[in-house]
Amino acid sequence: MGEIIEEKRTDLGKVVGREGTGKTEEDAVGNRCSHAQRYDPEKIQVEIQVFLNSRRQRDTPQRGLKGHTFGGNKVRGLIPSPLLLLLPNTNMASSSTIPLSSSISIFKTPSLQFLRRPTTSVSFNTLTSNATLSSVPSAIATPTSSILTQQPFQGLTLEDVDNHHQFGDERQPDTTPLHELDISKLSLPSSLVQALQKRGITSLFPIQRAVLLPALEGRDIIARAKTGTGKTLAFGIPILKGLTDDDEQSSHRRHGRLPKALVLAPTRELAKQVEKEIQESAPYLKTVCVYGGVSYVTQQSALSRGVDVVVGTPGRIIDLVNGDSLKLSEVQYLVLDEADQMLAVGFEEDVEVILDKVPSQRQTMLFSATMPGWVKKLSRKYLKTPLTIDLVGEQEEKLAEGIKLYALSATATSKRIVLSDLITVYAKGGKTIVFTKTKKDADEVSLALTSSIASEALHGDISQHQRERTLNGFRQGKFTVLVATDVAARGLDIPNVDLVIHYELPNDAETFVHRSGRTGRAGKEGTAILMYTSSQRRTVRSLEHDVGCKFDFISPPAMEEILESSAEQVVATLNRVHPESVEFFTATAEKLVEEQGARALAAALAQMSGFSRPPSCRSLINHEQGWITLQLTRDSDTSGRLFSARSVTGFLSDVYSPAADEVGKIHLIADERIKGAVFDLPEEIAKELLKKELPSGNTISKTTKLPPLQDDEPASDFYGKFSDRDRSNRRGSNSRDQRGFKSSRGWEGGQDTDDEFGRGGRNFRSGNNRSRMGKNSGDDWLIGGGRSNRFSSSNRGGHGGACFNCGQPGHRASDCRNKRNFF
Ligand SMILES: Nc1ncnc2c1ncn2[C@@H]1O[C@H](COP(=O)(O)OP(=O)(O)OP(=O)(O)O)[C@@H](O)[C@H]1O
C-alpha cells in the first residue's frame, strides 16, 4: 500500500452521509447502504472498520471474506479481530486513495450475517498521510455512529493481513509502525498545533481520535476511556479548535469577555490540572481555574479581565455565578469531567444547577468512568442525542496496558516493615504513590518512611496551599514518595510515577483501577503492588475477577535485591555530585584505591546505602529482623498423625527444646499434598536447630521464598471498607454493576472515604464527612513514642529521608520549621 497521496489537509469537520440515504452505519451492515465522505478538494484514503463487540463475535473466524469480490471491489484486507474492510468504489489494486466523491459501500456478506445489529457498529476513518492497513487507529467515531469498544490493533502490520497479494502488489509488506493521526494534518489552527507540538503532543491518542470528528461536528458526547489515556485533550482539542478559530477571526480580544467554554471537575486538583493542560495547549487563550478553599478575590479579578475557558469545581462556580462574578450566558461548550465522581463527592445538585444556567444552545461532553443512574439521568435531561464513545466497554481488563501488577501478602505489622523495601526495589529511585485508606494512615506512613526515604502526605486535612506545594514538589521530583488517601487517585496526572502501592485494599474495584492508573500513563510502563493480609486473600481474587486482571504474587524483596537496588540508586546519585566537590576528594580517593582497590569504593557504597553494618537476617513471615524462617517438611508416610501447628512444636521440642520455646508463628503449607509448615526462629537458635540430626522422613531448611500458606485468620471477601455487617448485604457474585465492573460487592455504597480532600465545594459540606473520621482502620502502626526500631532494612540512616527543605533528617519538608524555602 506504499505511497499514498499528496499530504494535503482535509477538513475533518465535513464528514457527511451521502445525500438522500438517511442511513446510519449500523443500517449499513447487511443493508447495502452507502456513504460518501467529502473532503473537497482532497483525495482521501478511507478505512471502514466493523467493530465486533461480543467476545463470541470477535472469536468467530472471519473466513469467507478473503478475496471476495463485492460489486467489483475487492476486499482490501482482513484483519482477524476486529474485522476490517476497505471497500471504496475504486480500484484498490492501483491506488489506496479514492476520489473525493466516491461512495463507500458495506455489503451484506456471508460472514457479516451473524452480526447482530445492536452489538455492531461501523466507523470511518480518514487518513491523509502515508498510512497502511497496519495503521488502523484503534477507535474512530463518526458523527453518526457510536464506538462501543476499543480494539487492540497495536502491533499489527501488513504481515498480519494475509491477502494483500490480491492487489497485484509485489512490494514487500509495509511494516510501518502503528500510525497515529498526526496533529499537523488535521486542519487544526497552526497556533494550536504549535502549542501542542511544543508539549510533545504530535499525534492523537485513541480516545482523542474517537472524539475529534463528532465533537467538531458539534455532537453531544458521552465518553469513557481507561486511565491516563488522554481524555482531557479528547475534549480539549475540539473545543480549543473552535475557540482558536473564533479568536483568529475576531480583530481583538475584548477585555471582560465572557467564557465560551466551561469545564466542571469534581476536585480542585483535577480542575487545576485540566486548566493547566488547556492553558498550555492554547496559551494565547485565557483560562481561569476556580475552586473552593482559596480566596475569591483573585478568581473574581481574573474573570473580570475577560476569559475564554473556565475550569472549576461546581461549588465555587455556583458561588461565583451567584455573586455575579461569573456569567455563563455565552457558554458554547460545556464539559463534565469525571461525572460519576461528581456524584461521589456530593456535587450532583450543584451540577444540575449549573446545567440549568448555561445556554441550551451549546455542545455538552460528558466523561465518566461509570454510568450510575444519576449520570444517565443527566445525559437524558441535558444532552442532545449524545454519541457514546466507550473505549473500555465490556473488556475484561479495565487497567491501562503497561501496568504490571503484583500482590504481596503481609500482616498489618509487617506491611510497614516491608514498605520501604518494596519502594527501594520496585521504584528504583523513581516516583512512588502509596495509597492508604485514612488520613491518619497517610500521615503515619509518610512520617515513618521519612527516616529512610523523602516522603510527604496528601489528604484532605492538609491545607490547600500545602497540598499544592506538595504536589508541585512531587511533580518536580523534589521528593519521591507521596502517601495519599484515595481522593488523590482520581484524575491526577503526575508524569512518570513508576510505582503505585496499595498499602490498604481499595474500597472497590473501581478505586483500584483509579489508584493503579496513576502509573502507566500516556502509554508508559508502571508497576502497582497490592498489599493484603492473609484474611483478605479472597478479596484479592475477587479483585482479579472484577477488574479482569491477574496479579503476580510476590514475596517481600530478598536482602540481596534490596542491597542491589540500593547500590544502583546510590550510584545514580553519584552522577549528581558537583564536579568541583569531586575535585576536593580526588586525591584521597586515589590514595584509597591504590591501597585497597575496589574495596574502598564498595565500602563507600555500603555506607551511602545505609548498610555500614551487615544486614541482619529477616523473617519472611513478618519481616522482623533477627529472625529466620525455616520450613519443616515431613514425608507423608512417616506419620499418620494429623499435621498441625501443635505437632510442629512437639517435633521441635523433641529435636531441640529451645526451638520449641522460642518459635514464632507457625503456618501450615497450603498444598495439602505436602506435609509441611514454615515457622520463625531467632537467628542463633535457628542455626543450632539446623545442625541437629532429625528423625528420618523429616527435613528442615532455611526458606528463601514462602510457599502459599493456609489461612490462619477467617477469610474475608470484602474490599477495604466493608465490615462483617455490610457483608450480609452483598449482591450475588456474578452481578455486573452499572459501572461495568463484575461486582460481588455493594459498589454503590462505596464512596465513603473519610477524606473530603479536594472536593472544592463550599465549606458547609465538610461537616458531613467529619462524623466519619473516627473510623480509622485498625492498623497497628505505632507512631510517635512507640514506633518500632525494626522499621525496615531501610531504617538505616542511608542516603534518603532528609528533609529537602533544610537537609536535616527525621522530618518531612511539610513539617519543617524553616518554611521559608519550602519547595
Ligand atoms: N496525544 C498525546 N500525545 C502525548 N501525550 C498526551 C497526548 N494526549 C494526552 N497526553 C498526555 O497524557 C497524560 C494523560 O492524559 P490525561 O490526564 O488527559 O488522561 P486521562 O485519561 O484524563 O486520565 P485519568 O482517567 O487518570 O484522569 C497527560 O500528561 C497528557 O498531557
Side-chain angles (χ1 to χ4, degrees), residues 137-139 150 178-186 188 192-193 195-212 223-241 263-282 311 335-342 344 365-370 389-392 398-403 431 433 435 471 474-475 484 486-497 500 510-526 528 739-740 758:
S138 316
Q150 180 181 17
L178 189 77
H179 171 82
E180 311 271 348
L181 282 188
D182 187 335
I183 59 160
S184 63
K185 306 205 173 82
L186 299 178
L188 297 174
L192 178 58
V193 171
L196 288 168
Q197 283 173 336
K198 214 166 147 196
R199 301 186 55 220
I201 291 160
T202 51
S203 56
L204 298 187
F205 283 172
I207 183 67
Q208 296 159 358
R209 282 179 254 160
V211 167
L212 188 67
R224 176 161 91 135
K226 289 179 179 179
T227 55
T229 54
K231 293 189 282 290
T232 313
L233 285 182
F235 63 77
I237 289 176
I239 292 177
L240 293 177
K241 173 179 163 26
V263 182
L264 305 184
T267 67
R268 298 160 195 172
E269 276 68 21
L270 187 58
K272 281 175 71 74
Q273 190 179 292
V274 168
E275 190 256 346
K276 186 165 174 276
E277 181 108 31
I278 290 179
Q279 176 69 71
E280 285 175 0
S281 301
V311 184
V335 178
L336 274 165
D337 199 8
E338 308 262 8
D340 49 349
Q341 188 66 0
M342 300 276 190
M365 289 186 252
L366 183 153
F367 284 70
S368 193
T370 59
I389 298 175
D390 181 358
L391 300 197
V392 181
K398 302 273 186 293
L399 279 175
E401 284 149 30
I403 303 177
K431 287 190 193 127
I433 304 183
F435 283 106
L471 273 175
F474 188 56
R475 280 204 172 92
D486 278 333
V487 284
R490 282 260 183 172
L492 282 190
D493 180 44
I494 296 162
N496 307 324
V497 171
V500 163
E510 200 183 314
T511 305
F512 175 79
V513 169
H514 279 286
R515 282 176 171 188
S516 305
R518 297 315 98 201
T519 185
R521 297 177 71 74
K524 299 203 178 85
E525 296 198 334
R739 301 169 215 198

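Both ligands and their constituent atoms are indexed starting at 1 by order of listing.
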Practice problem: Look only at interatomic distance and state if Arg518 has a nitrogen or oxygen under 3.5 Å from any nitrogen or oxygen of ligand 1. | Solution: yes

Quiz prompt | From OG (Ser203) to CZ (Arg209), nearest 0.5 Å | solution = 7.5 Å

Quiz item: Within the side chain of Gln208, is there an N or O that forms a donor-acceptor pair under 3.5 Å with the backbone of Ile237?
Solution: no

Practice problem: Please round to the nearest 0.5 Å and tell me the distance separating atom CG of Asp337 and atom CG of Leu366. | Solution: 9.5 Å

Practice problem: May I ask you to list the atoms of ligand 1 that are less than 4.0 angstrom from any heavy atom of Thr232? | Solution: 16 (P), 17 (O), 18 (O), 22 (O)

Quiz item: Residues two or more places apart in sequence or in another chain: which of them pass salt bridge (charged side-chain N to carboxylate O under 4.0 Å, His left out) with Lys431?
Solution: none

Quiz item: Going by the order shown, which atoms of ligand 1 are within less than 4.0 Å of some heavy atom of Glu338?
Solution: 27 (O)

Exercise. Looking only at distances, please establish whether an N/O atom of ligand 1 is found under 3.5 Å from an N/O atom of Gly230.
Key: yes

Self-check item: For Arg199, the ligand 1 atoms whose distance to one of its heavy atoms is below 4.0 Å
Solution: 31 (O)

Quiz prompt | Gly228 near ligand 1 by a heavy-atom separation under 4.0 Å | solution = yes

Quiz item: Any side-chain heavy-atom pair from Val500 and Ile403 closer than 4.5 angstrom?
Solution: no

Quiz item: Is there any N or O on Ser203 that sits under 3.5 Å from an N or O of ligand 1?
Solution: yes

Practice problem: Identify, with sequence neighbours excluded, every residue that meets side-chain hydrogen bond (donor to acceptor under 3.5 Å, both in side chains) alongside Thr229. | Solution: none

Practice problem: Enter the distance from Ile433:CD1 to Thr519:OG1 here, rounded to the nearest 0.5 Å. | Solution: 8.5 Å

Quiz item: Should Ile201 be counted as touching ligand 1, given the test is an N or O pair under 3.5 Å?
Solution: no

Quiz item: Can you list the atoms of ligand 1 that are under 4.0 Å from a heavy atom of Thr229?
Solution: 19 (O), 20 (P), 21 (O)

